Amino acid sequence: MIKLDIPKKFYITTPIYYLNGKLHLGHAYTTIVADCFARYYRLLGSDVFFLTGTDEHGLKIQHAALEKNMSIESFLEDIYINVKSLWKELNISYDYFIRTTDKNHIDTVTKIINIMKNKGDIYKGFYEGYYCKSCEAFYTDKDIINNKCPEGHDVFLEKEEAYFFKLNKYQDFLLDFYNKNPSFLKPDKRKNEIINFVKNGLDDLCISRKNVTWGIKLPFDNNFTIYVWLDALFNYVSALGYPDSDNFKKYWPVDFQLMGKEIYRFHTVYWPIFLKSVDLEIPKIEFAHGWWTSEGKKMSKSFGNVVYVQDYIDKYGVDAFRYYVLREISFGEDGSFYKSNFIDRINTDLVANIGNLVSRVTSLAIKRNKEEGFEFYKDEIFVKIVEQKIELIHSLYQSKELTKVVSEIFTLSSIANKYVQDKEPWVLLKENVDEFDKVIYVLLETIRIIAVELSPILTNSWKKILYQLGIDFENKANLKLEFTNICSKKKIIKGNHLFEKIDN
RNA sequence: AGCGGGGUGGGGCAGCCUGGAGUGCCCGUCGGGCUCAUAACCCGAAGGUCGUAGGUUCAAAUCCUACCCCCGCUACCA
């Protein structure tokens with residue numbers, strides 16, 4: 001009997017995506033990873049809340065809409081529909097989709113910033129920077145080359161009134177917080193980067209924009225728009241219905257926040273400080289994953305190496321795509337998308353390992369021609385190995401070692417393949433049918449476990465596996481992660497191949 | 001420039017924090033086995049002075065120092 005420690009609730013988020021163009025591999029990757037965790041904890045019976053959404057304020061949105069000659073509203077509506085449909089195709093099981101233009105979100109941010117103001121964390125001062133009249137934006141030193149902005153316009157050093165947040169006041173608090181919560185900054189390799197940054201001293205943060213009109217107004221001074229990051233970060237709070245809703249009481253704080261490394265600092269420096277300022281609990285884990293390159297190079301249209309998610313889904317199916325991105329990159333590291341690797345992964349892991357296992361075992365089972373199905377049998381030694389794998393996979397989920405989770409599931413499948421080889425059931429079928437029945441039962445139940453373990457990853461195929469085992473996959477009782485008698489007396493149904501080999 | 005990460009058999013990666021025989025995984029190559037299965041599955045082998053040079057230690061891929069090469073970050077870019 002195995003025991004997994006299961007969190008009562010699990011609140012997981014992706015960033016809200018800021019889109020002035022199309023979704024790319026990175027967005028899909030973050031969201032698939034989050035979905036995989038959400039599905040796993042749901043499977044265990046945790047009360048899961050999985051949030052994603054879109055960030056819809058800011059100057060770039062304003063400009064992008066203008067360029068397309070569209071109203072901001074209809075520009076955003078297009079993006080929203082686009083994102084939702086891709087998430088649907090990728091089988092993303094989010095519980096809520098937030099848009100920062102939602103009234104509820106705007107109200108929340110307004111409320112929050114008033115609290116900060118009342119606490120004395122916001123003051124009025126002067127912002128100095130290089131201003132570009134054409135872009136209507138301030139730039140920092142590093143953006144400026146020969147007194148030109150990145151777009152090539154002339155810039156001028158300007159000074160204007162602005163509101164600031166007292167970041168500096170919280171510097172010591174933050175360092176102390178990192179110290180007391182060693183699992184907050186994940187993976188470990190990012191820890192020092194952030195700590196050093198904070199130790200070098202935090203300047204107060206300008207949280208108002210005069211030149212940006214598309215955003216939330218500062219409630220105490222309507223001439224200004226709130227800095228988009230302050231706006232955006234609080235989506236995680238407003239999505240739950242802060243402050244009085246049942247959801248907020250039930251799910252806050254966030255258990256696991258996922259993001260690309262480029263926005264890690266915002267989530268690990270500003271964000272906890274903002275929360276402290278308004279006396280809210282700080283999330284448990286901020287996890288930055290790496291970036292994808294393609295064919296060993298940075299993705300770009302001129303190289304012609306851009307990975308279009310939709311193409312892969314259309315050609316090879318969602319499961320293959322989800323599997324590849326979860327398996328290929330070492331979670332937290334950068335990784336490279338190689339088409340040839342993609343094909344190899346599908347052919348060796350999905351087709352030859354799992355697909356073939358299911359195929360050979362169901363074939364053997366059917367050859368026995370047993371209408372009434374197979375009796376429960378437990379091979380103690382082998383089952384022990386299977387149960388240890390279940391526990392290992394669980395602990396890997398807990399420690400957020402996702403790539404290892406995936407590879408261990410396939411190791412389990414390899415172990416089952418080896419069991420077939422060692423027991424030679426095709427011989428037993430002729431010489432010892434009692435033993436044959438036992439071996440097959442062990443294999444059927446192991447395959448059931450593998451299918452359940454795969455359910456957060458291969459969101460379609462796992463159902464096909466259970467169907468072939470004669471098991472109702474919609475009945476949650478059949479999805480136990482332990483060696484059980486669920487497979488006993490089930491009629492095996494020979495189905496099509498789970499995955500087709502890709503020729504190349 | 002500063003800070004951080006990386007350099008491991010032909011390719012792609014783990015391992016390094018908490019030293020213990022180059023350990024492991026996937027692909028590829030070679031040999032064998034099996035015939036239930038999607039030319040799939042199982043076993044075995046070849047192949048690495050673990051970026052370079054020093055140091056600590058009985059013992060270093062792992063700890064320390066210097067250097068070389070690659071890549072990130074350096075804040076209000078949302």
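Given the structure is predicted, the values throughout are model-derived calculations rather than measurements. We name chains A, B, ... by the order of the sequence lines, and we start the count at 1 in each one. Just so you know, these numbers use all the heavy atoms, side chains as well, and skip hydrogens, waters and symmetry mates.
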| field | Under 4.0 Å protein heavy-atom contacts per nucleotide of nucleotides 2-7 of chain B, with B for base, S for backbone only and - for none | value | -SSS--
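Between Val420(A) and Ser407(A), the one whose closest nucleotide on RNA chain B sits nearer the 5' end is Ser407(A). Taking for each of Ile263(A) and Lys501(A) the nucleotide of RNA chain B with the nearest heavy atom, the 5'-most of the two is the partner of Lys501(A).
Ion pair Lys186(A)/Glu286(A) not flagged as a salt bridge, since none of the NZ, NE, NH1 or NH2 atoms sits closer than 4.0 Å to an Asp/Glu carboxylate oxygen. Between Asp334(A) and Lys261(A) there is a salt bridge, since a side-chain N of the basic residue sits under 4.0 Å from a carboxylate O of the acidic one.
The side chain of Arg265(A) approaches A75(B) more closely than any other nucleotide in the set C42(B), U35(B), A75(B). Nearest nucleotide to the side chain of Lys418(A), out of C41(B), A75(B), C43(B): C43(B). Residue Asp55(A) places its side chain closer to A78(B) than to any other of C77(B), G72(B), A78(B). Here the side chain of Arg360(A) is nearest to one of G12(B), C36(B), A78(B), namely C36(B).
Under the ring pair (Phe, Tyr, Trp, His ring centres under 6.0 Å) criterion, Tyr163(A) pairs with Phe220(A), Phe224(A), not counting sequence neighbours. In this view, His497(A) satisfies the ring pair (Phe, Tyr, Trp, His ring centres under 6.0 Å) rule with no residue, not counting sequence neighbours.
Relative to the six-membered ring of Phe436(A), Arg368(A) misses at least one condition, a distance below 6.0 Å or an angle of at most 45° to the axis.
Residues from residues 435-442 of chain A placing a heavy atom under 4.0 Å of any atom in RNA chain B do not occur. Heavy-atom distances under 4.0 Å link RNA chain B to Tyr227(A), Val228(A), Trp229(A), Ala232(A) of residues 225-237 of chain A, given in residue order.
Below the 3.5 angstrom threshold, one finds a donor paired with an acceptor across the side chain of Asn356(A) and the base of A37(B).
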Quiz: residues 416-430 of chain A side-chain donor-acceptor pairs under 3.5 angstrom, not counting sequence neighbours:
| residue | atom | partner | partner atom | Å |
| --- | --- | --- | --- | --- |
| Asn417(A) | OD1 | Arg360(A) | NH1 | 2.8 |
| Asn417(A) | ND2 | Asn353(A) | O | 3.4 |
| Asn417(A) | ND2 | Asn353(A) | OD1 | 3.4 |
| Tyr419(A) | OH | Asp379(A) | OD2 | 2.6 |

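Atom pair Asp344(A):CG and C25(B):C1' shows a separation of 15 Å (rounding to whole Å applied).
Note on Ser330(A): a side-chain N or O is less than 4.0 Å away from OP1 or OP2 of A14(B).
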